[in-house]
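Okay, handing you the structure first.
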Amino acid sequence: MIQEFNRIEKVNGELSLPGDKSISHRAVIFSAMADGVSEITNLSDGEDVNSTISFLELVGTEIERVGRSAKIRGSGFKNFKRPISPLNAGNSGTTARLLSGLFAAQNFNSVIIGDDSLSKRPMDRVIHPLKLMGAEIETTSSGTLPLKIFPAEKLIPIDYQLPVASAQVKSAVLIAALHCDEITCVTDKYQTRDHTERMLNLRTALSGKEKAIYSSRENYPLPKSYFVPSDISTASFFIVLTLLLKNSELKLNNVCLNETRTGILKVLKEMGGDIEIQNEKESNGELFGDIIVRSSKLKNVVIENEIIPNIIDEIPILSVAGLFAEGMFKIESAKELRKKESDRIKSLCYNYRLLGVIVDESPDSFSISGEIKNHSPSFESFDDHRIAMAFSVLSMLLKEGGKINKFECVSISNPNFISQLKRIVR
Ligand code: S3P
């Protein structure tokens with residue numbers, strides 16, 4: 001489906017966005033593991049979280065869902081039902097990777113499959129540490145889906161230093177470790193998102209910037225009530241739109257403010273963004289609060305390599321802010337961007353070239369600068385929700401608007417993106 005966007009002049013108002021995708025996946029998974037009934041409010045309504053839900057329903061999890069709330073009856077320790085068909089993770093890397101950790105520890109065979117995009121993404125990064133724990137898993141020769149998981153004799157604890165900045169790899173190991181009596185230690189030097197350790201209340205120890213996280217059966221989840229704060233990655237599209245329009249102000253309620261996720265706010269504030277936080281609260285170890293954003297004049301700044309893991313999902317929309325900011329926008333040391341729902345360096349550079357701006361691309365970096373020459377482009381989403389939403393925002397700022405091809409992929413994280421926009425455009 002092609003979606004057209006006209007130029008808009010101003011936004012104003014307030015939005016309560018659906019729950020954070022990363023926290024929602026984990027709330028559903030931990031509820032399914034727990035022995036009893038858990039309740040989740042403000043659950044993400046995106047397709048990715050639906051993939052986790054339908055995957056777990058195939059192994060016996062009972063889920064009652066009404067709007068953004070869910071009641072989940074979990075199976076208890078190693079008590080899932082053997083699936084009679086392959087488990088489909090759809091487009092969702094978090095589903096495939098976190099659940100490979102969970103299913104490596106069960107007493108039955110299972111097969112994890114995914115859509116075309118997910119079937120190209122690397123799974124060897126999770127399979128390697130799980131095999132060190134004694135898991136029996138087969139992938140294709142290129143280390144991709146389908147994964148064939150066989151019951152392991154017994155999983156053994158490991159000491160594992162994360163070789164890539166990936167919260168999904170970290171979480172897969174920590175989840176598998178919940179099935180061992182002895183303690184597994186994962187060391188994360190990248191400060192990747194820490195929802196798994198927070199939500200499972202795992203013990204952690206900091207040494208400089210390196211964090212050791214400990215997980216064992218003692219930490220196996222119990223039934224709980226979860227409130228999922230709104231998704232800061234989803235909020236970022238609205239934040240950048242507001243900053244770049246004149247005479248605009250927007251309030252985003254109850255947004256996740258976990259410090260491993262707020263890199264986007266830090267960079268936008270350094271760029272001159274008028275962003276204020278009010279009403280900070282905490283639930284299940286996760287900080288959240290209201291974000292007030294106002295029109296601002298932005299200038300590009302040096303984006304340090306260290307912050308890349310904390311803004312990895314927001315780089316597409318951050319680059320839109322960078323395009324309209326004074327000076328050149330540049331991202332470096334970000335090769336992980338090529339391993340997302342699309343090769344995001346390639347997708348971004350392709351679309352920016354359509355505008356006639358100066359684009360420089362390398363294996364792990366890209367930059368954009370110069371004047372926009374084409375004011376009514378037709379962008380490609382590359383079936384990547386964050387590319388589709390980033391270029392929707394950009395289109396609304398162009399003199400003659402723009403079009404997004406294959407726009408329907410926005411439903412992966414935010415199926416109501418258009419109706420939310422309609423509520424705030426003035
Ligand atoms: C996620 C981790 C990140 C992120 C993804 C969600 C998670 O992926 O890009 O959208 O929920 O753990 P990586 O672990 O591949 O960096």
Side-chain angles (χ1 to χ4, degrees), residues 19-30 43-44 46-49 51-52 55 89-102 114 117-118 120-130 143-145 160 162-175 186 188-200 202 213 228-229 231-237 256 258 260-264 286 307-318 331 333-345 347 364 384-390 409-410 412-414:
D20 182 75
K21 186 156 79 70
S22 292
I23 299 178
S24 294
H25 279 297
R26 286 159 174 83
V28 171
I29 294 171
F30 300 152
L43 187 66
S44 160
E47 288 299 324
D48 264 11
V49 173
S51 293
T52 290
F55 188 123
N91 190 249
S92 171
T94 309
T95 309
R97 297 199 179 110
L98 269 58
L99 292 179
S100 63
L102 178 59
S117 148
L118 188 58
K120 291 191 197 102
R121 294 175 66 187
M123 292 297 147
D124 38 3
R125 50 179 63 196
V126 270
I127 305 316
H128 173 70
L130 292 174
T144 51
L145 296 181
Y160 192 66
L162 274 186
V164 273
S166 168
Q168 294 175 355
V169 175
K170 172 175 72 175
S171 302
V173 177
L174 294 172
I175 290 172
V186 180
D188 179 4
K189 63 175 180 209
Y190 305 101
Q191 294 139 60
T192 62
R193 65 192 65 195
D194 64 359
H195 307 301
T196 299
E197 46 269 48
R198 279 180 185 276
M199 294 171 74
L200 290 171
L202 301 183
I213 310 141
V228 186
D231 196 321
I232 189 161
S233 306
T234 299
S236 302
F237 298 100
C256 174
N258 175 312
T260 59
R261 300 290 300 282
T262 48
I264 180 69
E286 292 287 358
I307 204 170
I308 297 295
N310 301 145
I311 58 169
I312 196 77
D313 288 347
E314 289 73 57
I315 289 173
I317 187 60
L318 183 60
I331 286 286
S333 282
K335 67 174 189 302
E336 277 298 303
L337 276 181
R338 295 205 184 264
K339 306 258 163 40
K340 297 294 174 188
E341 286 84 329
S342 71
D343 172 341
R344 285 189 177 150
I345 295 187
S347 309
D364 71 344
D384 181 336
H385 56 132
R386 301 203 199 281
I387 297 293
M389 288 186 276
C409 59
V410 296
I412 287 297
S413 59
N414 190 10

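Atoms within a ligand are numbered from 1 in the order they appear, just like the ligands themselves.
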Practice item. Could you tell me whether Lys340 and Asp384 have a side-chain N and a carboxylate O separated by less than 4.0 Å? Key: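 Judged by the 4.0 Å cut-off on N to carboxylate O distance, Lys340 and Asp384 do not form a salt bridge.
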
Review point. Only one of Arg261, Lys21, Arg193 forms a salt bridge (Lys or Arg N to Asp or Glu O under 4.0 Å) with Asp231, so which one is it?
Key: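 It is Arg261, the one option of Arg261, Lys21, Arg193 that forms the salt bridge (Lys or Arg N to Asp or Glu O under 4.0 Å) with Asp231.
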
**Study point:** Min N/O separation Arg125 to ligand 1 under 3.5 Å
**Key:**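 The answer is no, given that Arg125 and ligand 1 share no N or O pair closer than 3.5 Å.
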
Review point. Which atoms of ligand 1 sit under 4.0 Å from any heavy atom of Ser22?
Key: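 This gives 1 (C), 6 (C), 7 (C), 11 (O) as the contact atoms.
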
**Study point:** Test item, Ala165 contacting ligand 1 (heavy atom, 4.0 angstrom)
**Key:**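 So Ala165 counts as touching ligand 1.
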
Exercise for review: Considering heavy atoms of the protein only, find what lies nearest to atom 14 (O) of ligand 1 and give residue, atom and distance to 0.1 Å.
Suggested key: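 Heavy-atom neighbour on the protein nearest atom 14 (O) of ligand 1: Ser166 OG, 2.7 Å.
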
Review point. Hey, does Lys340 sit under 4.0 Å from ligand 1 if you only count heavy atoms?
Key: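 Lys340 counts as a contact of ligand 1 under the 4.0 Å cut-off.
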
Practice item. Considering the heavy atoms of Thr94, write down every atom of ligand 1 situated less than 4.0 Å from one of them. Key: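 Those qualifying, in numeric order: 1 (C), 6 (C), 7 (C), 11 (O).
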
Check your understanding: So, are Arg125 and Glu336 salt-bridged, with charged N and O less than 4.0 Å apart?
Key ->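 So Arg125 pairs with Glu336 through a salt bridge.
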
**Study point:** Test item: side-chain donor near acceptor, Thr94 and Gln168, under 3.5 Å
**Key:**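 Looking only at side-chain atoms, Gln168 and Thr94 do form a donor-acceptor pair, the distance falling under 3.5 Å.
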
Exercise for review: Mark the output for Arg97 as yes if a heavy-atom distance to ligand 1 is under 4.0 Å, and as no if none is.
Suggested key: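 Arg97: in contact with ligand 1 (<4.0 Å).
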
Check your understanding: Between His385 and Ser413, is any side-chain donor less than 3.5 angstrom from a side-chain acceptor?
Key ->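 Yes, Ser413 and His385 have a side-chain donor paired with an acceptor closer than 3.5 Å.
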
Review point. Less than 3.5 Å between some nitrogen or oxygen of Ala167 and one of ligand 1, yes or no?
Key: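 Checking ligand 1 against Ala167, an N or O pair does fall under 3.5 Å apart.
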
Practice item. Could you tell me which atoms of ligand 1, counted from 1 in the order shown, lie closer than 4.0 angstrom to a heavy atom of Asp313? Key: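 What qualifies from ligand 1 is 4 (C), 5 (C), 9 (O), 10 (O).
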
Point to revise | For atom 7 (C) of ligand 1, the option (of Lys21, Arg26, Glu314) bearing the nearest heavy atom | key: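 Ranked by closest heavy atom to atom 7 (C) of ligand 1, first place is Arg26.
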
Review point. Arg386 to ligand 1: N or O pair under 3.5 Å?
Key: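 N/O-N/O distance below 3.5 Å does not exist for this pair.
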
Review point. Do Gln168 and ligand 1 have an N or O pair less than 3.5 Å apart?
Key: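 N/O-N/O distance under 3.5 Å: yes.
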
Review point. Side-chain donor-acceptor pair under 3.5 Å between Thr196 and Arg26, yes or no?
Key: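 There is such a pair between these side chains.
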
Practice item. For Asp188 and Lys170, indicate whether the former's side chain and the latter's backbone hold a donor-acceptor pair under 3.5 Å. Key: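 Judged by distance alone, no pair lies under 3.5 Å.
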
Check your understanding: Is it the case that Glu314 and Ser233 place a side-chain donor and acceptor less than 3.5 Å from each other?
Key ->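 The answer is yes; a qualifying pair exists.
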
Check your understanding: Hey, are Ser51 and Thr95 close enough side-chain-wise for a donor-acceptor pair under 3.5 Å?
Key ->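 The criterion, which ignores hydrogens and geometry beyond distance, is not satisfied for Ser51 and Thr95.
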
Check your understanding: Contact between His25 and ligand 1, counting heavy atoms under 4.0 Å?
Key ->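 No, that is not the case, since the closest heavy atom of the residue is not under 4.0 Å from the ligand.
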
